[in-house]
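Encoded as structure tokens, the structure appears first; notes follow it.
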Amino acid sequence: MTENKEQMSKTKAFLRLFRFSRTLMAAAITGSAAFTAGTGPVTALWLALAGWCLAVGGFSLSAYARQRSQEKKTEDLIAPALKIVFFLVFTAASFAVTFLTAPLTALIPWGLILIIVICLSFQLFKDAIVRTFLIGLLHALHMLMGFAAGTLNPKLALPAAMLFFAVFAARGVIDIRNFPEDLMTRKLTLPKRLGMTKTVILSIICLTLAYVSGIVFYFVAKPGFLYLIPIGILVLTGAVCVVRFVKKAGPPMARKLTPFFTTITVLLICLSLILGKL
């Protein structure tokens with residue numbers, strides 16, 4: 001029985017290297033952006049694969065760095081060497097797919113993503129605001145990587161900005177959610193850096209900028225009418241969540257709203273881009 005439990009633990013630890021909940025979002029961002037830029041569904045799927053592989057490689061490097069610093073002993077079931085192998089193999093696969101299926105311009109955001117991943121993994125920037133900015137930029141670059149695979153258009157900077165601000169705000173909500181636990185560690189977060197009230201205000205400002213960017217994109221780029229359905233859901237539901245957040249700002253409410261401000265928001269943005277192209 002003990003041996004089976006140990007085997008199950010190793011299997012679970014191995015599967016965690018893939019970080020499916022986050023890496024699949026990276027795939028959705030890159031693929032939907034490529035489709036929006038006019039690459040066609042086949043190339044968009046290849047770019048989604050490239051985005052997924054790059055994200056898997058990035059999270060593997062991050063896990064390696066945390067294990068080496070002994071910040072997360074629960075990941076010691078997987079040898080550091082295997083995490084480095086994951087990083088190298090999946091990063092190389094992402095590079096190969098991007099190089100073979102997209103113009104060389106797509107390798108510019110690809111390279112910037114890799115640089116940011118290395119910086120975040122080894123905590124080269126420890127300031128909470130800088131790290132949050134880089135995480136938002138990381139997601140926006142995944143979108144720009146997809147856009148660069150098709151026809152580049154300055155108007156496409158608006159959905160990239162929408163994603164950046166949405167992710168920035170989401171990190172603020174996550175930091176508020178984890179605030180009681182983070183007080184027991186040396187982890188630098190936005191509430192520790194700015195205080196709870198200023199973090200809430202900053203998150204609301206970023207959410208507002210994200211929603212405005214999404215609405216402006218419709219009038220500037222004139223995507224299909226279907227674009228408005230997920231964007232409308234995002235803005236209206238987001239407004240309700242913001243009101244609830246303002247009334248009861250704190251870890252309990254942040255915990256309830258985190259799924260919407262993270263996964264659901266990203267998926268609605270990706271869906272809006274795809275429907276707008278149909």
Side-chain angles (χ1 to χ4, degrees), residues 9-30 48-98 109-145 163-164 166-168 170-175 177-179 181-182 184-190 192-193 258 261-263 266:
S9 297
K10 288 183 178 180
T11 302
K12 186 177 180 180
F14 177 78
L15 291 176
R16 283 194 65 195
L17 287 176
F18 292 95
R19 294 292 196 277
F20 286 111
S21 61
R22 298 186 183 183
T23 57
L24 288 177
M25 279 201 296
I29 292 169
T30 312
L49 176 62
W52 180 76
C53 287
L54 188 55
V56 172
F59 278 111
S60 299
L61 181 64
S62 179
Y64 167 81
R66 286 198 302 272
Q67 183 173 341
R68 296 295 293 180
S69 65
Q70 296 183 344
E71 289 181 5
K72 211 164 188 180
K73 295 181 180 180
T74 56
E75 292 188 324
D76 289 349
L77 290 170
I78 302 298
L82 179 59
K83 294 174 183 178
I84 289 297
V85 169
F86 256 60
F87 167 67
L88 295 175
V89 169
F90 280 94
T91 302
S94 176
F95 178 85
V97 172
T98 306
W110 185 95
L112 292 174
I113 290 171
L114 183 58
I115 292 173
I116 292 176
V117 164
I118 293 172
C119 291
L120 290 174
S121 296
F122 293 97
Q123 298 187 12
L124 300 184
F125 298 98
K126 294 187 177 182
D127 184 81
I129 296 177
V130 175
R131 287 181 62 82
T132 304
F133 174 86
L134 290 177
I135 291 172
L137 181 60
L138 190 65
H139 286 74
L141 285 171
H142 267 281
M143 184 168 281
L144 292 175
M145 175 180 161
L163 183 62
F164 168 81
V167 171
F168 197 109
R171 291 304 309 178
V173 175
I174 292 172
D175 283 353
R177 180 196 67 184
N178 298 335
F179 185 62
E181 293 82 4
D182 290 337
M184 309 298 292
T185 69
R186 292 182 297 174
K187 183 178 181 181
L188 298 178
T189 63
L190 289 176
K192 286 185 178 181
R193 173 76 163 76
T258 294
F261 286 130
T262 54
T263 305
V266 172

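Just so it is clear, the structure is predicted and the values come from calculations on it, not from any experiment.
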> After noting the C-alpha distance and the side-chain angles of T98 and M145, does the key distance pass the side chain to side chain contact (heavy atoms under 4.5 Å, CB included) rule?
Replying inline: CA-CA 9 Å; T98 306; M145 175 180 161; 3.3 Å; yes

>> Holding to side-chain contact (heavy atoms from CB on, under 4.5 Å), I want the full list of residues that pass it with A48, two or more places apart in sequence or in another chain.
In response: A27

> Residues in side-chain contact (heavy atoms from CB on, under 4.5 Å) with T262, at least two apart?
Replying inline: A170, I174, T258

>> Which residue is it: V56, L54, L49? I am looking for the one with a side-chain contact (heavy atoms from CB on, under 4.5 Å) to S94.
In response: L54

> CZ of R68 to CD1 of I84: how many Å apart, nearest 0.5 Å?
Replying inline: 9.0 Å

> For the atom pair CZ (R177) and CG (D182), what is the distance rounded to the nearest 0.5 Å?
Replying inline: 9.5 Å

>> If I compare all heavy atoms of L61 with all of I118, which pair ends up nearest, and what's the gap?
In response: CD2-CG1, 3.9 Å

> Looking only at atom types and distance, does a side-chain atom of D175 sit under 3.5 Å from a main-chain N or O of L190, one as donor and one as acceptor?
Replying inline: yes

> Parallel under 30°, tilted from 30 to 60°, perpendicular over 60°: which one fits the rings of Y64 and F122?
Replying inline: perpendicular

>> Testing the basics here: between R19 and R66, what is the closest heavy-atom pair and its distance to 0.1 Å?
In response: NH2-NH2, 2.8 Å

> Which pair of non-hydrogen atoms, one from T185 and one from K192, has the smallest distance, and what is that distance?
Replying inline: O-NZ, 2.9 Å

> Can you name the ring-ring contact (aromatic ring centres under 6.0 Å, His included) partners of F133, sequence neighbours left out?
Replying inline: F164

>> I'd like to know if the side chain of H142 and the backbone of L138 have a donor-acceptor N/O pair within less than 3.5 Å.
In response: no

> Which heavy atom of F125 sits nearest a heavy atom of C119, and at what distance?
Replying inline: CE1-SG, 3.8 Å

> For the atom pair CZ (R22) and OG (S62), what is the distance rounded to the nearest 0.5 Å?
Replying inline: 8.5 Å

> Which value, rounded to the nearest 0.5 Å, describes the distance between M143 atom CE and L163 atom CG?
Replying inline: 4.5 Å

>> What's the separation between atom CG in L134 and atom CG in L124, rounded to the nearest 0.5 Å?
In response: 10.0 Å

> What pair of heavy atoms forms the shortest contact from T30 to G51, and how long is it?
Replying inline: OG1-CA, 3.7 Å

> What residues, two or more places apart in sequence or in another chain, satisfy ring-ring contact (aromatic ring centres under 6.0 Å, His included) together with F86?
Replying inline: F14, F18, F90

> With sequence neighbours excluded, what pairs up with S60 under the side chain to side chain donor-acceptor pair (under 3.5 Å) test?
Replying inline: none

> What residues, two or more places apart in sequence or in another chain, satisfy side chain to side chain donor-acceptor pair (under 3.5 Å) together with R193?
Replying inline: D127

>> Please determine whether side chain to side chain contact (heavy atoms under 4.5 Å, CB included) holds for the pair R131 and Q123, giving the CA-CA distance in whole Å, both sets of side-chain angles, and the decisive distance to 0.1 Å.
In response: CA-CA 9 Å; R131 287 181 62 82; Q123 298 187 12; 3.9 Å; yes

>> Using 0.5 Å steps for rounding, measure from the CD1 atom of I116 to the CG atom of L137.
In response: 4.0 Å

